[in-house]
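Worksheet: the structure to be examined is printed underneath.
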2 protein chains.
Amino acid sequence: MAARGAYQTKQKEVIADYFRAHSDACVTAEEVYAALGADVGITTVYRAVARLCEEGALRRYTPQNAGGAALYQLNPCKESHLHIRCMDCGTLEHLRCDVVHDFTKHLLGKHGFVLDEGQTVLYGLCKQCEAKRKQKTEK
Amino acid sequence: MAARGAYQTKQKEVIADYFRAHSDACVTAEEVYAALGADVGITTVYRAVARLCEEGALRRYTPQNAGGAALYQLNPCKESHLHIRCMDCGTLEHLRCDVVHDFTKHLLGKHGFVLDEGQTVLYGLCKQCEAKRKQKTEK
DNA sequence: CTAAGTGCAAAATGTTTGCATACTT
DNA sequence: AAGTATGCAAACATTTTGCACTTAG
């Protein structure tokens, strides 16, 4: 029987280090593989990110682009506040600001709804990707 | 250049009808293909759902299952407003209120983030389920 | 020493594309 | 008649799996 995560290996460490060193980056398995060079195989990268996602250390985002590659990013934090996900580049950002608290209070007071900030992710477009989209449509 | 949607064809109609007849169902392209039998090819199904998504008639959902197939479902409503999902009873509710618009404006103005209300679902607990939870913890 | 982890190559999957044909307008 | 839509097959990209080998405990 596979006792997952029983052994600590060089490859696991290298992959975990990579995400820690690029905590803002949102990358594909292929990109991690390319960055680490000969140290690890692509299969191991896939296996590692799958496990890290299960453990909650990473977050996976599957982009709209149907056949496209899944993106992985270090879970920014487990604290309770909202996150916003860009639907184009996939980046997950923190959103800690007073207005969110006002919004949460309003949901509770007027709608009787207890928002779970840890589970909720807002979807949309970040500043950069919004600009890129505008450029494309103008062309 | 392809003038999209210029002609109305039997296949497009059959596919659109399928989703209308199964408005609650969340199905893969392959399932649509299988259901429609010899009437349409898989290629046409893919092209049709892609267009219907662009038009906003369908919603695409890419499951966690990394290599898994995308799911398509008739868009429950086209109006721009947020939905809230109760994590206990699973109910999906509409959230139409002015405060949401203020919040959206704030996201754009202060954070440069264009919220896609159609894609975003807030997670938490509805009034009833919150009450039930309190009862349990008190016991 | 034993079981878990690795990595290559091959398979499996899901989606897209090239192109000749059929169909809509 | 002009040009879009279809559908097959092949291409394509991503992810998973089989298996022999390596490595951690």
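Per chain, numbering begins at 1; letters A, B, ... match sequence-line order.
For B:Y46, counting side-chain heavy atoms from C-beta on, the closest listed nucleotide (C:dA4, C:dG7, C:dT16) is C:dT16. For A:Y7, the listed nucleotide lying nearest its side chain is D:dG25; candidates were D:dG25, C:dT6, C:dT25. Of the candidate nucleotides D:dA5, D:dT6, D:dT15, D:dA5 has the atom nearest to the side chain of B:R51. Closest approach to the B:T9 side chain among D:dG25, D:dA5, C:dT15 is made by D:dA5 (side chain taken as heavy atoms from C-beta onward).
One finds no salt bridge joining B:K105 and B:D102 here, because no Lys/Arg side-chain nitrogen approaches an Asp/Glu carboxylate oxygen to under 4.0 Å.
Both B:K10 and B:T43 lie close to DNA chain C; mapped to their nearest nucleotides by heavy-atom distance, the more 5′-ward contact belongs to B:T43. Across the interface with DNA chain C, nearest-nucleotide mapping of A:Q8 and B:A50 shows A:Q8 to be the residue nearer the 5′ end.
As a whole-Å value, the separation of A:Y33 OH from C:dT6 C1' is 13 Å. Taking atom CD1 of B:I42 as the reference point, atom P of D:dT6 lies 13 Å away to the nearest angstrom. Atom CD in B:E30 sits about 16 Å away from atom P in C:dA12, given to the nearest Å. Following rounding to the nearest Å, A:E13 (CD) and D:dA24 (C1') show an atom-to-atom distance of 13 Å. For A:R60 and D:dT15, the CZ to C1' distance is 10 Å, given to the nearest whole Å. As a whole-Å value, the separation of A:K12 NZ from D:dT23 P is 15 Å. Taking atom CD of B:Q11 as the reference point, atom C1' of C:dC23 lies 9 Å away to the nearest angstrom.
A side-chain N or O of A:Y72 and one of A:R60 form a donor-acceptor pair less than 3.5 Å apart.
At least one donor-acceptor pair closer than 3.5 Å links the side chain of A:E31 to the backbone N or O of A:T28.
Atom NE2 of A:H101 and atom CG of A:L115 lie 10.0 Å apart (nearest 0.5 Å).
Judged by distance alone with a 3.5 Å cut-off, a donor-acceptor contact links the side chain of B:R47 to the base of D:dG7.
The aromatic rings of A:F103 and B:F103 lie parallel to each other, their planes meeting at an angle below 30°, with 60° marking the opposite boundary.
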